[in-house]
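This report refers to the structure that appears directly beneath it.
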Amino acid sequence: MNKRQLARYRKELEAKRDELLDLVRSARASEQEGGEKEAPDLGDRALSTVIRDLSYQLSATEREIMRRIDEALDRMDRNQYGICVECERAVQIGRLDAVPWARHCIECQELQDRGEI
């Protein structure tokens, strides 16, 4: 992988990381705002609870993606970005275009999805 490709992927990873941080900040602000006022009836309180739970689930997923992004940036710093962490072969460019924080090549990802690695 050449320096221009690496710079492009770094820019994409950092942009996604910033986007996720903004989402987390807005979710926290919304949660604090919602906590300040009690819903007037039982239906509104139930809806508020569902929304808060959904927000938490999204945050957990976003935190996982953030962790993967940080790992990808660390691999870049160690000149290991784009190399499968399992088999140490190159991760396909198309895969990195779709998921810049990908840790595995397609073959190893399929094995992981099946629970074989």
Side-chain angles (χ1 to χ4, degrees):
M1 184 174 307
N2 64 44
K3 288 182 182 184
R4 201 164 105 208
Q5 287 173 311
L6 278 173
R8 181 175 63 99
Y9 288 124
R10 181 177 291 279
K11 185 176 179 180
E12 287 178 24
L13 288 165
E14 289 172 345
K16 182 65 174 180
R17 188 175 195 281
D18 290 344
E19 176 187 329
L20 291 172
L21 284 172
D22 288 343
L23 286 172
V24 169
R25 285 186 198 113
S26 66
R28 284 185 181 162
S30 174
E31 187 176 307
Q32 287 175 348
E33 181 182 300
E36 292 173 1
K37 54 185 176 194
E38 185 65 29
D41 69 16
L42 188 57
D44 289 341
R45 281 184 281 203
L47 180 60
S48 177
T49 300
V50 168
I51 291 170
R52 191 170 43 251
D53 289 345
L54 179 59
S55 175
Y56 176 75
Q57 289 173 357
L58 292 175
S59 320
T61 301
E62 291 159 353
R63 280 193 301 270
E64 177 63 21
I65 293 172
M66 182 87 70
R67 185 180 64 78
R68 295 284 173 103
I69 289 171
D70 288 340
E71 288 175 356
L73 291 169
D74 182 56
R75 286 193 306 277
M76 272 186 183
D77 293 340
R78 293 182 286 121
N79 295 319
Q80 295 176 346
Y81 181 77
I83 299 170
C84 178
V85 298
E86 189 66 33
C87 70
E88 298 183 355
R89 291 183 301 206
V91 176
Q92 297 82 355
I93 294 295
R95 178 154 169 71
L96 291 173
D97 287 343
V99 184
W101 53 86
R103 303 173 59 225
H104 297 102
C105 64
I106 291 172
E107 294 83 7
C108 289
Q109 184 63 51
E110 288 174 355
L111 291 172
Q112 184 181 24
D113 291 346
R114 291 192 306 252
E116 297 178 18
I117 59 170

- Task: In sequence, state the C-alpha distance, the side-chain angles, and the governing distance for Arg10 and Asp77, and then conclude on salt bridge (charged side-chain N to carboxylate O under 4.0 Å, His left out).
- Result: CA-CA 10 Å; Arg10 181 177 291 279; Asp77 293 340; 2.9 Å; yes
Are [X] and [Y] close enough that some pair of their side-chain heavy atoms sits under 4.5 Å apart?
X: Leu6; Y: Lys3; value: no
X: Leu13; Y: Tyr81; value: yes
X: Gln109; Y: Val99; value: no
X: Asp97; Y: Arg8; value: yes
X: Ile106; Y: Val91; value: no
X: Ile93; Y: Met1; value: yes
X: Arg67; Y: Trp101; value: no

- [ ] Decide side-chain contact (heavy atoms from CB on, under 4.5 Å) for Arg68 and Leu73; before the verdict, give the C-alpha distance in whole Å, the side-chain angles of both, and the deciding distance to 0.1 Å.
- [x] CA-CA 9 Å; Arg68 295 284 173 103; Leu73 291 169; over 6 Å; no
Checklist line | salt bridge (charged side-chain N to carboxylate O under 4.0 Å, His left out) between Asp70 and Arg75, intermediate numbers included | finding: CA-CA 9 Å; Asp70 288 340; Arg75 286 193 306 277; over 6 Å; no
Arg4 CZ: over 12 foreign heavy atoms closer than 6.0 Å =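 Not buried by this count: 12 neighbours or fewer within 6.0 Å.
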Q.
Heavy-atom count check: over 12 atoms from other residues, nucleotides or ligands less than 6.0 Å from Glu116 CD?
A. yes
Would Leu23 and Ile69 show up in the same hydrophobic cluster when neighbours are defined by side-chain heavy atoms closer than 4.5 Å?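 Looking at the clustering, Ile69 is in the same group as Leu23.
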### Query
If you group Ile, Leu, Val, Met, Phe, Trp and Tyr by side-chain heavy-atom gaps below 4.5 Å, do Val85 and Leu96 land in one group?
no
Qualifying residue for side chain to side chain contact (heavy atoms under 4.5 Å, CB included) with Glu71, from Met76, Arg103, Met66:
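Single pass found, and it is Arg103.
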Nearest heavy atoms of Cys105 and Cys84, plus distance in Å:
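Scanning both residues completely, I find the closest heavy atoms to be N-SG, 3.5 Å.
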Correct closest heavy-atom pair for Asn2 and Gln5 would be OD1-N, 2.7 Å
Apply side-chain contact (heavy atoms from CB on, under 4.5 Å) to the pair Cys87 and Glu107, showing each step before the final yes or no. CA-CA 9 Å; Cys87 70; Glu107 294 83 7; over 6 Å; no
Is the closest basic N to carboxylate O distance between Lys16 and Glu12 below 4.0 Å?
->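 Not counted as a salt bridge, because no side-chain N and carboxylate O are separated by less than 4.0 Å.
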The side-chain hydrogen bond (donor to acceptor under 3.5 Å, both in side chains) partner of His104 among Arg89, Glu86, Gln112, Glu110 is Gln112
